[in-house]
Structure formats: C-alpha cells, structure tokens
Student: 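This is the structure I have questions about; it appears just below.
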Amino acid sequence: ELWHPIAAEWYKSLSESGQSQFYEASDWATARYVAEAMSRNLNAGVKFSSVLFAAVMAGMSELLTTEGARRRARVELEREEPTAAPSVAIMEKYRNVATKGS
C-alpha cells in the first residue's frame with residue numbers, strides 16, 4: 001500500500017498474467033522486491049537512478065513480464081476466448097505430450 005501507484009499496478013497485474021500460473025513462492029518474493037525497487041526509484045523524483053531502473057527491468061525480465069522476455073524463453077501466451085484467462089501454450093503442449101506418454 002506504500003508503493004508508488006505504477007509499482008502497485010505492475011505487481012497486481014502479475015496475478016492476472018498467464019505466466020504467473022508457474023510462479024513459485026520465491027518468484028512472488030522476487031516480484032515484491034522488484035516492485036519495492038521500482039517504487040523507490042519512481043518516488044525519488046529528480047534523483048531517478050538509471051542503474052536501479054536497469055536492475056528493475058532485469059528483474060521484470062526474469063519474471064517473464066515482457067513480450068521480449070517471453071519470446072527469448074520461447075513461451076507464448078494464448079487466449080482461447082477473448083474473455084478467457086491466458087494460458088501458456090508451449091507448457092500446455094508439453095503437458096499433453098507427457099500425459100499421453102504416461
């Protein structure tokens with residue numbers, strides 16, 4: 001509740017994102033840390049740190065929160081229906097293959 005509104009919005013958006021279904025407790029802890037760093041940088045005013053910004057962006061990338069990061073990891077999010085929650089297509093394919101092989 002003390003985070004900058006942009007940091008809070010980013011953190012909240014994670015739970016609505018398809019990749020979050022694979023997050024472990026440590027991923028959520030990392031996300032909280034990234035949101036805290038993001039908030040501190042946004043609240044810094046004229047002393048905005050480019051180094052901290054780079055660290056925040058790297059953390060966001062580790063959590064696959066950008067399209068570019070997902071592409072590098074070869075993860076593609078799909079929506080089955082316009083109102084459906086996103087799923088991770090490649091992981092679904094792996095699950096289907098693993099299930100059929102059992």
Student: In Å and rounded to the nearest 0.5 Å, what is the CE to CG distance from Met60 to Leu14?
Tutor: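 Answer for the CE-CG pair, Met60 versus Leu14, is 8.0 Å.
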Student: Residues two or more places apart in sequence or in another chain: which of them pass side-chain hydrogen bond (donor to acceptor under 3.5 Å, both in side chains) with Asp27?
Tutor: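 Scan of Asp27 (side-chain hydrogen bond (donor to acceptor under 3.5 Å, both in side chains), adjacent residues dropped) gives none.
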Student: Going by the rule side chain to side chain contact (heavy atoms under 4.5 Å, CB included), which residues pair with Phe53 if we only count those two or more places apart in sequence or in a different chain?
Tutor: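 Phe53: side chain to side chain contact (heavy atoms under 4.5 Å, CB included) contacts with Asn41, Phe48, Met57.
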Student: Mind checking ring pair (Phe, Tyr, Trp, His ring centres under 6.0 Å) for Trp10 and listing every partner two or more places apart, or none if nothing turns up?
Tutor: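 Here no residue qualifies.
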Student: Any donor and acceptor pair, going by atom type alone, linking the side chain of Glu16 with main-chain N or O of Ser13 inside 3.5 Å?
Tutor: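 Here the side-chain-to-backbone pair does not exist.
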Student: State which residues pass side-chain hydrogen bond (donor to acceptor under 3.5 Å, both in side chains) with Arg40; sequence neighbours excluded, sorted by chain then number.
Tutor: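 Glu36.
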Student: For Ser39, give me all partners under side chain to side chain contact (heavy atoms under 4.5 Å, CB included), at least two apart in sequence or on another chain.
Tutor: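 Result, side chain to side chain contact (heavy atoms under 4.5 Å, CB included) vs Ser39: Trp3, His4, Ala7, Asn43.
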Student: For Ala37 and Leu52, work out which heavy atoms get closest and say how close.
Tutor: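 Closest pair (atom of Ala37, atom of Leu52, distance): O-CD2, 3.6 Å.
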Student: If hydrophobic clusters are built from ILVMFWY residues whose side chains come within less than 4.5 Å, do Ile6 and Leu63 share one?
Tutor: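 Ile6 clusters together with Leu63.
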Student: Check side chain to side chain contact (heavy atoms under 4.5 Å, CB included) between Ser15 and all other residues, then give those that pass, not counting sequence neighbours.
Tutor: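 Partners of Ser15 by the side chain to side chain contact (heavy atoms under 4.5 Å, CB included) criterion, ordered by chain and then number, come out as Trp28.
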